[in-house]
Participant: 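Quick one: structure below, then a few questions.
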Amino acid sequence: MMDFLTASMAFDNCRNSTEFLNKPPSEKSTKYTIVMPTYHREKLITRAVQHYSTFSNVSKIIVAWFNEQKMPTAKDIGKYLSPKSKVNLEFYWMPNFVRLRYYPYPTINTEATLNVDDDILINENSALKAFVEWKKEKNFMYGFVARSHKVIGRNLYEYVMDETVPYSFLLANNIFMHRKYTRIYQDYTRQWENTIDRWQSCEDIALSFMFADLNGSKDSAIKVKGSYKDIRDIGAYKGLSKRKGHHFQRSYCLNRYAERYKEFPLRKHSRIIK
């Protein structure tokens, strides 16, 4: 059955939504919740929702609607799923801040969340593989696209745009993690909010810093092997990563975040789930 909820304008009402973290998940451990941010890309979000709504292990799809000028109507919401779909679909009408992709949405009803962009179509088997691996180490995060950094001076770091091995963190656009980290993220990254909001970037680097710090700089960001047959990026050339200055911004964030620590928390490693 489909369960369409109207878009929520009550952002302030769910600002302190911690209650769900203290309750056991209402859904079975064989399921996960997809959280998908979108902004002015209705064709992409339609295609993405229809793609993931066929997955047998998906309990719910939460769309974080970052278009502040237009609230999705019931008619908009109704067109995304077919009548045969068993996946629930919810919309949250949110301010346009990329860091809110990791917001603790109070209706997440599973331990596991898959945070995925609207232009990323992961193959169901690949998603299931990552989900199964995540269940073995629930304090880690698992994703399909990794990035790294390099040291260019004393306490100076540069972002490496190409995917390399070893790597040190994961990109934001396809990450499995436990729902409890959505609340932790809000508090942990509060001092970085202005930097993230200024450029609408680096929210994923902040997430990797958090995981590395909380796990004692262990290999807590794990890459799952995939290819672009599995991860079909159908909107990359219109995305935030293609903007001028992207490399500079990401490098700035690495150094800005590093100021918080006595030792740089991100460590390079070569662990890959094949």
Side-chain angles (χ1 to χ4, degrees), residues 14-37 52 55-64 87-88 90 92 94 98-117 120 122 124 126-146 167-190 192 196 203-224 226 265-267 269 271-273:
C14 62
R15 185 179 297 276
N16 297 312
S17 57
T18 58
E19 294 181 2
F20 80 102
L21 295 178
N22 299 320
K23 299 178 181 179
S26 60
E27 187 57 87
K28 297 179 180 178
S29 61
T30 56
K31 302 280 188 176
Y32 57 88
T33 300
I34 288 179
V35 178
M36 187 181 303
Y52 291 109
F55 286 20
S56 58
N57 292 95
V58 172
S59 168
K60 174 184 298 186
I61 298 173
I62 292 177
V63 175
V87 174
N88 292 335
E90 298 177 2
Y92 282 84
M94 304 293 285
V98 293
R99 58 184 165 81
L100 295 179
R101 68 181 305 143
Y102 303 132
Y103 191 77
Y105 295 99
T107 52
I108 296 174
N109 63 345
T110 59
E111 282 190 317
T113 63
L114 170 58
N115 204 291
V116 61
D117 281 357
I120 298 291
I122 304 173
E124 182 173 9
S126 295
L128 179 59
K129 177 171 65 173
F131 176 49
V132 169
E133 291 297 325
W134 171 84
K135 289 201 290 184
K136 299 176 184 178
E137 297 173 295
K138 294 182 180 180
N139 287 327
F140 293 176
M141 60 177 174
Y142 287 77
F144 296 90
V145 183
Y167 61 93
S168 52
F169 59 94
L170 299 174
L171 292 189
N173 56 14
N174 46 74
I175 291 175
F176 272 100
M177 66 178 181
H178 196 287
R179 65 177 183 167
K180 68 181 180 181
Y181 289 109
T182 59
R183 166 49 60 189
I184 296 172
Y185 181 85
Q186 304 306 309
D187 297 328
Y188 190 93
T189 62
R190 199 168 304 282
W192 300 331
I196 297 171
E203 78 286 2
D204 51 344
I205 298 178
L207 184 73
S208 286
F209 268 81
M210 183 190 79
F211 268 87
D213 184 30
L214 295 178
N215 286 285
S217 293
K218 294 179 181 178
D219 305 340
S220 54
I222 311 300
K223 175 179 168 58
V224 179
L266 298 183
R267 55 174 289 181
H269 66 92
R271 182 180 175 187
I272 297 177
I273 306 298

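Remember, predicted model here, so these are calculated numbers, not experimental data.
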Participant: Check whether any side-chain heavy atom of Thr113 lies under 4.5 Å from a side-chain heavy atom of Phe176, and answer yes or no.
Facilitator: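 Contact flag for Thr113/Phe176 side chains = no.
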Participant: To the nearest 0.5 angstrom, please state how far the OG atom of Ser59 sits from the CG atom of Asn88.
Facilitator: 6.5 Å
Participant: Minimum heavy-atom separation for Ala206 to Thr189, with atom names?
Facilitator: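 That closest heavy-atom pairing would be CB-CG2, 3.9 Å.
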Participant: Using a strict cut-off of less than 4.0 Å between a Lys/Arg side-chain nitrogen and an Asp/Glu carboxylate oxygen, indicate whether Arg271 and Glu137 qualify as a salt bridge.
Facilitator: yes
Participant: Quick test of your reading of the model: are Lys60 and Glu90 salt-bridged, counting only N-O distances below 4.0 Å?
Facilitator: yes
Participant: Ignoring hydrogens, what is the shortest heavy-atom contact between Ile122 and Asn174? Give both atom names and the distance.
Facilitator: CD1-CB, 3.7 Å
Participant: Check step by step if side chain to side chain contact (heavy atoms under 4.5 Å, CB included) holds for Tyr32 and Phe55.
Facilitator: CA-CA 10 Å; Tyr32 57 88; Phe55 286 20; 3.4 Å; yes
Participant: Only one of Phe211, Tyr185, Tyr181 forms a ring pair (Phe, Tyr, Trp, His ring centres under 6.0 Å) with Tyr102, so which one is it?
Facilitator: Tyr185
Participant: Do Leu266 and Ser208 come close enough that some side-chain heavy atom pair is under 4.5 Å?
Facilitator: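 Leu266 vs Ser208: side chains touch.
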Participant: Of all heavy-atom pairs between Val98 and Glu203, which one has the smallest distance, and what is that distance?
Facilitator: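 Nearest heavy atoms, Val98 then Glu203: CG2-OE1, 3.5 Å.
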Participant: Measuring from Leu207:CG to Arg99:CZ, what's the distance to the nearest 0.5 Å?
Facilitator: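 That separation rounds to 14.0 Å.
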Participant: How close do Pro104 and Arg183 get, heavy atom to heavy atom, and via which atoms?
Facilitator: CG-NH2, 3.5 Å
Participant: Using 0.5 Å steps for rounding, measure from the CD1 atom of Ile184 to the CE atom of Met210.
Facilitator: 6.0 Å
Participant: Looking only at heavy atoms, what is the nearest atom pair of Tyr105 and Leu100, with distance?
Facilitator: OH-O, 2.7 Å
Participant: Evaluate side chain to side chain contact (heavy atoms under 4.5 Å, CB included) for Asp213 paired with Tyr188, printing each intermediate quantity in order.
Facilitator: CA-CA 10 Å; Asp213 184 30; Tyr188 190 93; 2.6 Å; yes
Participant: Using side-chain heavy atoms (C-beta onward) and a distance below 4.5 Å, is Val224 in contact with Ile272?
Facilitator: no
Participant: Main chain of Arg267, side chain of Ser168: is a donor-acceptor contact present, judged purely on distance under 3.5 Å?
Facilitator: no
Participant: Indicate yes or no: at least one non-hydrogen side-chain atom of Val145 is less than 4.5 angstrom from one of Ile120.
Facilitator: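 No - every pair of side-chain heavy atoms lies 4.5 Å or more apart.
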Participant: Would Lys135 count as a cation-pi partner of Phe131, with NZ or CZ less than 6.0 Å from the six-membered ring centre and within 45° of the ring normal?
Facilitator: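 Yes; both conditions hold, so Lys135 lies above the ring face of Phe131.
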Participant: So Thr182 and Tyr103, do their side chains get closer than 4.5 Å, heavy atoms only?
Facilitator: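 They are not in side-chain contact.
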Participant: Report the residue from Phe140, Phe169, Tyr167 that forms a ring pair (Phe, Tyr, Trp, His ring centres under 6.0 Å) with His269.
Facilitator: Tyr167
Participant: For Ala212 and Pro265, which heavy atoms make the closest approach, and how far apart are they?
Facilitator: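 Nearest heavy atoms, Ala212 then Pro265: CB-O, 3.6 Å.
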Participant: Would you call Ile34 and Ile62 a side-chain contact if the rule is heavy atoms closer than 4.5 Å?
Facilitator: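 No. Closest side-chain heavy atoms not under 4.5 Å.
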Participant: Would you please test Glu111 and Arg179 for salt bridge (Lys or Arg N to Asp or Glu O under 4.0 Å) and show each step?
Facilitator: CA-CA 5 Å; Glu111 282 190 317; Arg179 65 177 183 167; over 6 Å; no
Participant: Quick one: does Asn115's side chain have a donor or acceptor within less than 3.5 Å of a partner on Ile175's backbone?
Facilitator: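 No: the side chain of Asn115 does not pair with the backbone of Ile175.
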Participant: Could you walk me through whether Asn57 and Leu128 pass the side chain to side chain contact (heavy atoms under 4.5 Å, CB included) test, one step at a time?
Facilitator: CA-CA 8 Å; Asn57 292 95; Leu128 179 59; 3.5 Å; yes
Participant: Check whether Asp204 reaches the backbone of Leu171 with its side chain - one donor and one acceptor, N or O, closer than 3.5 Å.
Facilitator: no
Participant: Could you check if a side-chain atom of Met141 sits within less than 4.5 angstrom of a side-chain atom of Ile222, using non-hydrogen atoms only?
Facilitator: no
Participant: Relative to each other, are the rings of Trp192 and Phe209 parallel, tilted or perpendicular (30° and 60° limits)?
Facilitator: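 Ring orientation of Trp192 relative to Phe209: perpendicular.
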Participant: Hey, does Val63 have a side-chain heavy atom less than 4.5 Å from the side chain of Ile61?
Facilitator: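 Yes, their side chains come closer than 4.5 Å.
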Participant: Check the pair Ser220, Asn139 against side chain to side chain contact (heavy atoms under 4.5 Å, CB included), reporting the backbone distance first and the verdict last.
Facilitator: CA-CA 8 Å; Ser220 54; Asn139 287 327; over 6 Å; no
Participant: Quick one: do the Thr33 and Thr110 side chains pair a donor with an acceptor below 3.5 Å?
Facilitator: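 There is such a pair (donor and acceptor under 3.5 Å, judged by atom type) between the side chains of Thr33 and Thr110.
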Participant: Would you call Asp117 and Arg101 a salt bridge, taking side-chain N to carboxylate O under 4.0 Å as the test?
Facilitator: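 Looking at Asp117 and Arg101, the cut-off is met.
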